[in-house]
Amino acid sequence: MTRYIFVTGGVVSSLGKGIISASIGKLLQARGYSITIQKFDPYINIDPGTLNPYEHGECYVTVDGMETDLDLGHYERFTGIRTTRANSVTTGRIYKAVIDKERHGDYLGKTIQVVPHITDEIKRRIMQHNDEVDFVISEIGGTIGDIESAPFLEAIRQLKWELGSRAVCVHLTYVPYLKAADELKTKPTQHSVKEMQGAGIQPDVLVLRTEKHLSDGIRQKVASFCNVDLECVVQSEDLPSIYEVPVNMQRQGLDAALLRKFGVPVGEMPKMESWHHFLELQRTATKEVHIGLVGKYDLQDAYKSIRESLILAGIYNHVKVKIDFINSENITKANVAEKLSGIAGILVCPGFGQRGIEGKIIALEHARIHDMPAFGVCLGMQMMVIEFARNVLGYKDANSSEMAETPHNVIDMMEEQKNITNMGGTMRLGAYDCELRKGSKVAGIYGTPKISERHRHRYEFNNKYKDEYEKNGMMCVGTNPESGLVEIVEIPSLRWYIGTQFHPEYASTVLKPHPLFLSFVKECI
Ligand code: GLN
């Protein structure tokens with residue numbers, strides 16, 4: 001008896017459908033239900049793996065190695081569930097599946113059309129979790145009215161009809177405030193609901209995004225103009241932290257209203273003690289610590305999971321982490337001291353390609369020499385390895401073969417990557433095991449000898465140089481047991497100088513922040 005919640009958005013993009021979907025998931029979980037959340041993205045790319053972060057923000061990676069939308073990061077951080085490739089679907093994947101079936105001859109001579117073939121494939125993907133969980137929350141990316149969203153809306157319309165009281169639609173809209181008129185305007189919401197109705201879908205619940213508090217009168221007006229019960233019109237005001245959203249939704253009875261719509265007994269309001277404990281820590285953490293984020297994309301969403309992991313780790317260490325973005329393209333030997341002044345530690349970001357790497361290397365040299373805490377993630381770890389080769393081992397031409405073929409490619413391409421011609425979905429992706437060296441700093445931090453973490457890269461530490469690194473003080477303390485690939489380096493003589501080939505940030509959640517981030521922020525304090 002799996003039940004389905006569809007989350008759509010109207011009026012404008014960036015309303016925070018992902019946060020609302022994750023919050024609904026959290027509230028249902030708190031009532032003891034099992035849930036999953038999936039994201040449908042209406043673009044033609046098979047996955048966002050080939051998208052520039054300026055286009056679509058960070059690429060999030062699931063345990064089973066799917067490159068996905070960053071909203072899956074919110075789902076995992078809020079609910080602690082582990083998402084998989086089934087939780088992320090793009091229009092491109094839908095069309096590819098249909099076209100592959102057509103080439104295979106599965107349609108037995110039929111003309112393949114958007115309705116019913118594309119819509120059936122969308123429905124199949126929504127229904128694939130049937131009987132696995134109590135609730136499936138399906139977030140539809142984009143804004144209704146867009147040409148791209150039409151097949152998704154048609155699929156939802158059909159499912160709502162077929163599933164009856166087992167399906168509910170939550171629609172997010174925006175209520176703008178007009179300063180000159182000193183008024184909040186509901187007309188865009190009315191139009192957006194009309195658009196939904198035109199597609200044959202009556203939204204059951206409306207979440208109104210607003211910068212100012214909405215009076216009951218405004219909610220009443222929206223309810224009666226949009227055919228929605230008053231208790232099903234909730235507001236989502238701007239809050240100091242996205243993690244306040246679930247409790248704000250609970251206070252307005254969003255989860256109770258949803259359950260009533262499904263005809264499920266509502267029961268007591270769950271207390272969510274650990275979540276409230278976290279919020280209390282967040283509110284009372286006032287002391288600040290500045291951490292430098294050394295990367296090349298000056299855009300909040302580009303390093304979303306890293307930012308959130310640092311902030312969460314700060315809260316559990318009773319501090320407010322202030323992230324100072326430092327564009328590595330602008331770092332030079334002459335200005336590095338000034339750029340890093342007032343900063344307690346640096347995190348050197350993941351990335352691809354040549355742009356900005358020399359600045360990352362200069363920042364890391366500064367951190368190593370001055371014993372400033374430094375955390376290298378993926379490309380950041382590779383830069384730690386290159387910096388050490390150039391400035392300690394004396395290989396001035398050391399580089400990654402991603403950037404230049406030199407006699408000292410201390411970071412090199414894996415054998416199995418060499419013949420790959422397709423760029424999409426072909427990196428080393430998803431979770432791999434890693435064994436930690438006994439007595440190492442990371443073994444102490446994790447408190448366990450064996451870990452599993454998510455990867456997204458083509459290049460690797462070149463094992464030819466391993467002994468030389470270790471003799472000179474950079475230790476290869478984490479390795480993959482099957483391949484022998486180096487996954488973690490550290491310099492034990494420094495306070496905190498650790499680089500990971502994997503991405504620990506994907507595994508950090510609100511109730512379970514990642515040990516490496518906790519330890520790094522603690523050292524920065
Ligand atoms: N560009 C590097 C590689 O492919 C690092 C990738 C990353 O930072 N995610 O190995």
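Side chains are part of it too, since the values below use all heavy atoms of this structure and drop only hydrogens, waters and symmetry mates. For ligands, and for the atoms within them, numbers begin at 1 and follow the listed sequence.
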Scan side-chain atoms only and decide if [X] and [Y] contain a donor-acceptor pair under the 3.5 Å cut-off.
X: Ser305; Y: Arg77; result: yes
X: Ser138; Y: Gln38; result: yes
X: Gln282; Y: Ser241; result: yes
X: Asn391; Y: Glu387; result: yes

**Pair Phe152 + Phe6: ring centers closer than 6.0 Å** = no

**Request:** Would you check if the distance from the ring center of Tyr446 to the ring center of His514 is below 6.0 Å?
**Result:** yes

Once you restrict both partners to nitrogen or oxygen, which atoms of ligand 1 have a protein partner under 3.5 Å, and how far apart are they?
unit_1, atom_1, unit_2, atom_2, d
ligand 1, 1 (N), Gly351, O, 2.9
ligand 1, 1 (N), Glu402, OE1, 2.7
ligand 1, 1 (N), Glu402, OE2, 3.1
ligand 1, 4 (O), Arg458, N, 2.9
ligand 1, 8 (O), Gly351, N, 2.9
ligand 1, 8 (O), Gly351, O, 3.4
ligand 1, 8 (O), Leu379, N, 3.0
ligand 1, 9 (N), Arg456, O, 2.9
ligand 1, 9 (N), His503, NE2, 3.3
ligand 1, 10 (O), Gln382, NE2, 3.1
ligand 1, 10 (O), Arg458, N, 3.2
ligand 1, 10 (O), Tyr459, N, 2.8

